Amino acid sequence: MPPAESGGDGLRHTANFLRDIMAEDVRTQKFGDAVIQTRFPPEPNGYLHIGHAKAIFLDFGLADEFGGKTNLRFDDTNPEKEETVYVESIQKDVRWLGFEWERLCYASDYFPQLYEWALQLIRAGYAYVDDLTAEEIRQHRGTLTEPGKDSPYRNRAIHENLDLFARMKAGEFPDGSRVLRAKIDMTSPNLNMRDPVMYRILHATHHRTGDEWCIYPMYDFAHGQSDSIEHVTHSMCTLEFADHQPLYRWYIEQLGIFPSQQIEFDRLNLTYTLLSKRKLLQLVQEKRVSGWDDPRMPTLSGIRRRGFTPEAIRAFCAAIGATRTNGITDIEMLEHFQRDDLNRRARRAMAVLRPLKLVIENYPNDQVEYVEVQNNPEDPSAGTRRVPFSRELYIEQDDFREVPPPKYYRLSPGKEVRLRAAYFVTAQSIVKDADGSLIEVHGTYDPASRGGNSPDGRKVKSTMHWVSASHAISAEIRLYNRLFTRPDPYDFPEGGDIFDNLDPHSLEILSGAKLEPSLAHALLDDRYQFERVGYFCLDADSTPGHLVFNRTLALKDTWAKIEKKTGKEPGT
RNA sequence: UGGGCGAUCGACUAAUGGUAGGUCAAGUGCCUUUGGAGCACUCAGUCCAGGUUCGAAUCCUGGUCGCCCAGCCA
């Protein structure tokens with residue numbers, strides 16, 4: 001048996017039980033000739049995040065593997081929380097991830113049908129109007145260990161239930177005064193079966209149906225039937241809904257409608273990442289981040305702005321698979337797939353984040369030459385570009401040490417290194433200001449090493465990036481780190497809260513970066529690797545006179561690892 | 001405490017009674033005009049105790065541990 005299968009999309013898919021179920025159902029013709037039908041059913045009450053990406057990938061990806069279809073359905077049964085702005089952002093995010101739905105649906109489209117089905121259950125003696133208050137209903141429900149008690153209204157006559165429910169719909173009663181409940185079993189060990197509420201009165205304006213309705217179906221009375229209406233064969237949802245499955249089936253069976261089946265899988269958890277809509281909302285409201293699309297947010301809009309790509313997210317989803325265990329995936333896994341994607345596709349450029357001037361003393365004062373640099377060593381078809389070289393350059397502050405620590409291969413007095421695609425240079429002297437801080441490094445170059453190789457075959461240990469001082473463009477660079485300092489943001493001391501684990505250094509802004517001139521033409525969708533530094537993309541805050549680049553991810557840094565291991569602090 | 005679900009390298013995951021494998025992370029070496037990338041290698045696991053079987057991660061029994069459920073949220 002192969003350890004992984006291909007989904008026909010070129011990704012390495014982890015085998016998973018969902019696919020096994022589908023394959024078996026197709027084989028046994030469980031749904032007759034019907035094709036596999038799935039749905040992605042978000043409530044339009046917030047922005048999608050990376051956790052939803054997993055669900056989207058499964059819902060769309062698996063159906064597609066079997067030649068099936070997927071609907072995008074908005075589970076919009078609670079008008080108090082839902083807004084059109086969210087239905088728009090959700091559509092944008094799903095498309096961005098690379099998926100297209102068969103049909104765009106809304107649970108609210110089914111309100112009339114749902115109402116008819118409610119009447120059907122009342123007539124069959126399976127539903128009743130309850131006048132108990134919310135508090136009383138809660139008390140009657142019992143507890144995890146004690147059975148519930150019947151409501152005094154449980155055995156109302158059918159004609160009375162019909163009358164009351166019609167009047168609920170007609171708007172005769174205030175919010176909270178009555179509900180319609182299914183008559184199942186108040187002693188069931190499964191609390192969801194203790195006469196669950198089907199409809200509540202809500203005099204609220206719905207983002208689509210306006211004021212047409214003042215009673216709204218609960219999730220449980222809407223979801224399964226919506227699936228059934230759409231002939232969804234495999235209704236995948238997260239594990240916390242497992243307890244709802246008996247109710248999901250109960251409604252479908254009582255109604256005698258298309259038998260959609262619910263299958264639960266584990267929700268995505270990521271280290272250093274918060275994936276609770278409520279908490280994310282709090283981050284935004286308390287202005288701890290700049291908004292839903294802050295590049296540190298795990299929202300799809302946030303990671304998109306950060307520079308993550310749909311290709312990488314899909315590859316990640318394919319790799320993590322789906323099970324029924326409660327795990328927490330290392331964020332490194334996501335980062336790996338993102339680096340992997342960008343390494344293959346991102347154009348290279350040279351950018352000096354923290355500039356230090358390097359003056360080449362034996363290079364003619366007024367001379368400028370253009371060196372040819374590969375746009376992507378991983379992809380020769382990406383071609384080359386010409387980058388200006390001159391007497392005064394900027395190099396990275398980190399790339400020079402007056403007193404080099406052991407194993408430091410970069411520039412230091414007397415040491416020769418290569419400037420990428422240009423020349424060998426040797427540091428000769430340094431210039432300091434009155435305070436003794438380093439201002440400039442002066443050096444000499446070997447004119448015979450043009451292009452980066454010396455005819456005498458001499459080797460250097462380091463190749464460094466650089467920009468020509470007079471040609472460089474300035475930019476603001478935003479360096480993002482993980483939002484939280486702990487793998488589990490919920491791991492905070494007694495009396496504290498999750499925000500105690502916020503990293504105050506999750507955003508570092510560098511205002512004086514110097515970039516090679518070609519970067520002046522960067523587009524929002526372009527992805528760059530600033531050589532030896534990391535992956536970057538232009539931010540939407542950029543203006544022609546003020547470029548802003550976001551760091552998507554840093555490159556792996558072996559030197560940083562060595563430094564950490566040897567306990568050396570970076571000096572200057 | 002009632003019910004449901006689950007437990008495989010540090011993390012994710014495969015093996016569907018027949019060689020415990022892959023990916024990430026970590027480490028070592030090679031290579032390198034990115035200390036990037038790549039290549040090779042290494043480390044490392046079946047929750048526990050019994051049982052069935054020629055053979056158990058898989059089946060059975062009993063434990064242990066973890067997650068979910070007491071919204072007129074989804």
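Bear in mind that the values here come from a model prediction, so they are computed numbers and not experimental data.
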Across the strands shown, which category fits A:P377 at heavy-atom distances under 4.0 angstrom: base, sugar-phosphate, nothing? base

Watson-Crick/G-U partner (both atom distances under 3.5 Å) of B:A11: B:U23

Does A:V179 reach a base, just sugar-phosphate, or nothing at all? Heavy atoms under 4.0 Å. base

Does B:A26 have its OP1 or OP2 closer than 4.0 Å to a side-chain nitrogen or oxygen of A:K561? yes

Looking for any heavy atom pair under 4.0 Å, which part of the strands does A:F530 touch: base, sugar-phosphate only, or nothing? nothing

Heavy atoms from C-beta onward define the side chain here; which of B:G36, B:C69, B:C12 lies closest to that of A:E378? B:G36

Tell me which nucleotide among B:G35, B:A26, B:G2 gets nearest to the side chain of A:T558. B:G35

Taking all non-hydrogen atoms of both residues into account, name the closest pair between A:E82 and A:T77 and its distance. OE2-N, 3.4 Å

Return the value, rounded to whole Å, for the distance between atom OH of A:Y409 and atom P of B:G36. 10 Å

Does a side-chain N or O from A:R141 land closer than 4.0 Å to OP1 or OP2 of B:G71, or not? yes

What about A:E146: does its side chain form a donor-acceptor pair under 3.5 Å with the base of B:U1? no

Within the pair A:T325 and B:U13, is there a side-chain N or O less than 4.0 Å away from OP1 or OP2? yes

Side chain of A:M333, heavy atoms from C-beta onward: which of B:U13, B:G71, B:A11 has the nearest atom to it? B:A11

Looking at B:A37, B:C68, B:C5, which one has an atom nearest to any side-chain atom of A:R324? B:C5

Both distances under 3.5 Å, Watson-Crick or G-U wobble: report the partner of B:C73, or none. none

Testing B:A74, B:U13, B:G36 for proximity to the side chain of A:T323, the answer is B:U13

Whom does B:C65 pair with, Watson-Crick or G-U wobble, provided both distances fall under 3.5 Å? B:G6

Indicate whether OP1 or OP2 belonging to B:G2 is found under 4.0 Å from a side-chain N or O atom of A:R194. no

Shortest side-chain distance from A:D243, nucleotide among B:U16, B:G3, B:A74: B:G3

For B:U58 and B:U16, measure between their P atoms and round to the nearest Å. 12 Å

Choose from B:A74, B:G35, B:A70 the nucleotide whose nearest atom is closest to any side-chain atom of A:T77. B:A74

Using distance alone, with no hydrogens and no angle criterion, decide if A:Y128 and A:D195 have a side-chain donor and acceptor under 3.5 Å apart. yes

My understanding is that a pair needs two contacts under 3.5 Å, Watson-Crick or G-U wobble. By that rule, which nucleotide pairs with B:G55? none

Counting side-chain heavy atoms from C-beta on, which of B:A14, B:A74, B:C24 comes nearest to A:E332? B:C24

Please give the nucleotide sitting opposite B:A44 as a Watson-Crick or G-U wobble pair, both distances under 3.5 Å, or none. none

Reckon A:L334 touches a base, only the sugar-phosphate, or nothing at all at heavy-atom distances under 4.0 Å? nothing

Regarding A:R348 and the six-membered ring of A:Y528, is the cationic atom NZ or CZ under 6.0 Å from the ring centre and inside 45° of its axis? no

Report yes if a donor N or O on one partner sits less than 3.5 Å from an acceptor N or O on the other, where the partners are the side chain of A:H244 and the base of B:A74; otherwise report no. yes

Ring center gap for A:Y251 and A:F221 short of 6.0 angstrom: yes

To the closest 0.5 Å, what do you measure between CZ (A:R181) and CD1 (A:I184)? 10.0 Å

Mind checking A:M218 for me? I need base, sugar-phosphate or nothing, with any heavy atom below 4.0 Å counting as a touch. sugar-phosphate

Residue A:L144, side-chain atoms from C-beta onward, closest of B:C72, B:A74, B:C69: B:C69

Among B:A74, B:G35, B:G36, which is the nearest nucleotide to the side chain of A:I562? B:G35

Check whether the ring centres of A:F316 and A:H336 lie less than 6.0 Å apart, and answer yes or no. no

Is the phosphate of B:A25 approached by A:K556 (side-chain N or O, under 4.0 Å from OP1 or OP2)? yes

Nucleotide forming a Watson-Crick or wobble pair with B:G50, both distances under 3.5 Å: B:C60

Interatomic distance, CG@A:D399 vs CG@A:L356, rounded to 0.5 Å, equals 9.0 Å

B:C31 - base-pair partner by Watson-Crick or wobble geometry, distances under 3.5 Å: none

Presence of A:R200 side-chain N/O under 4.0 Å of B:A74 phosphate oxygens OP1/OP2: yes

Presence of A:R532 side-chain N/O under 4.0 Å of B:G36 phosphate oxygens OP1/OP2: no

